[in-house]
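Worksheet for the structure shown next.
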Amino acid sequence: MLDGMDAETARKSWLSLLAKADEGHVAELLDAIEGVPSFTWLRPPEIGSVMVRGRVGGSGEPFNLGEMTVTRCSLKIPSGEIGHGYVQGRNKDDARAAALTDALMQTAKADDLRNHVLAPLQQQATRQKTARAAKAAATKVDFFTLVRGED
């Protein structure tokens, strides 16, 4: 598990991290791990699109923002675990790496993957979020009203 999360929440967390990673980063990190098993495809990588929905202010009525290209796949490793990978864009290798990481996170290799794949991805996501927040804060305008006394 990740930091005391239940299994379902932990899996959602690592799948989210894998899906949002920069192009090529998951595959690069996973390829550095030794002992990655072979697998059989349940659904080979395929490219498609999904409708992205948004909300004004995060709480308004949902609206269709537009379509986004995604690549997805599913695989099974020899020990029986099934992994799913969904990534932004058209990178089949990243989808394979995400699915393989998902499957391996359900095995005894989870700690190794947590340290060598998920932790660097989380650190990168935190750095990007901090940089984005700093950039937004630099453009912030504080409006205030001065009240004049009556003459």
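- Among residues at least two apart or in separate chains, ring-ring contact (aromatic ring centres under 6.0 Å, His included) pairs with a member in residues 20-51 are Phe39-Trp41.
- Taking 4.5 Å as the limit, some side-chain heavy atom of Thr107 sits within range of a side-chain heavy atom of Ser79.
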List the steps, then state whether side-chain contact (heavy atoms from CB on, under 4.5 Å) holds for Gln106 with Arg11.
CA-CA 9 Å; Gln106 300 170 58; Arg11 189 169 187 205; 3.4 Å; yes

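- Taking 4.5 Å as the limit, every side-chain heavy atom of Leu104 sits out of range of all side-chain heavy atoms of Thr101.
- Atom CG of residue Leu100 and atom CD of residue Glu81 lie 11.0 Å apart, to the nearest 0.5 angstrom.
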Evaluate Arg55 against Glu61 for salt bridge (charged side-chain N to carboxylate O under 4.0 Å, His left out), listing each step before the verdict.
CA-CA 6 Å; Arg55 292 177 183 266; Glu61 287 295 317; over 6 Å; no

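- Between Met51 and Met68 the shortest side-chain heavy-atom distance does not fall below 4.5 Å.
- Contact between Thr139 and Ala136 at its shortest, heavy atoms only, is OG1-O, 2.8 Å.
- Annotation for Leu30 and Ala97: closest pair CD2-O, 3.6 Å, computed over non-hydrogen atoms.
- Asn91 places a side-chain N or O within 3.5 Å of a backbone atom of Asp93 that can act as its donor or acceptor partner.
- In summary, the side chains of Asp94 and Gln88 do not present any donor paired with an acceptor at a separation below 3.5 Å, with no hydrogens or angles considered.
- Atoms CD and OG1, on Glu23 and Thr71 in that order, are 9.0 Å from each other to the nearest 0.5 Å.
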Can you list the steps and then say if Gln122 with Leu17 is a side-chain contact (heavy atoms from CB on, under 4.5 Å)?
CA-CA 7 Å; Gln122 182 62 56; Leu17 208 62; 3.4 Å; yes

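- With values rounded to the nearest 0.5 angstrom, Asp6 atom CG is found 8.5 Å from Lys12 atom NZ.
- Cluster membership check: Tyr86 does not share its hydrophobic cluster with Leu75, using side-chain heavy-atom separations under 4.5 Å among Ile, Leu, Val, Met, Phe, Trp and Tyr.
- Checked by atom type, the side-chain pair Lys20/Ser16 shows a donor-acceptor distance below 3.5 Å.
- For the atom pair CZ (Arg96) and OG (Ser74), the distance works out to 14.5 Å, reported to the nearest 0.5 Å.
- Side-chain contact check for Asp112 versus Val117: every heavy-atom pair is 4.5 Å or farther apart.
- Here the straight-line distance linking atom CG of Leu18 with atom NE2 of His84 works out to 13.0 Å at 0.5 Å rounding.
- Taken from OG in Ser13 to CG in Leu118, the straight-line distance is 8.0 Å, to the nearest 0.5 Å.
- Both Val70 and Leu65 belong to a common hydrophobic cluster when Ile, Leu, Val, Met, Phe, Trp and Tyr are linked at side-chain heavy-atom distances under 4.5 angstrom.
- Counting heavy atoms from C-beta on, the side chains of Glu67 and Val52 never come closer than 4.5 Å.
- Shown here for Val26 and Ala98, the closest heavy-atom pair between the two residues is CG1-N, 4.0 Å.
- Arg114 has its side chain within reach of Met105: a pair of non-hydrogen atoms, C-beta onward, lies under 4.5 Å apart.
- The shortest distance between side-chain heavy atoms of Pro44 and Cys73 does not fall below 4.5 Å.
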Checking Gln124 against Asp22 for the side-chain contact (heavy atoms from CB on, under 4.5 Å) test, could you report, in this order, the C-alpha distance in whole Å, the side-chain angles of both residues, the deciding distance, and whether it holds?
CA-CA 9 Å; Gln124 181 183 26; Asp22 288 343; 2.5 Å; yes

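- In terms of heavy atoms, Ile47 sits closest to Arg90 at CG2-NH1, 3.7 Å.
- No continuous path of hydrophobic side-chain contacts links Val87 to Leu113 [ILVMFWY only; heavy atoms under 4.5 Å].
- Smallest separation of non-hydrogen atoms from Ala99 and Gly85: CB-N, 3.6 Å.
- Here the closest non-hydrogen pair linking Pro62 and Arg53 is CB-NH2, 3.3 Å.
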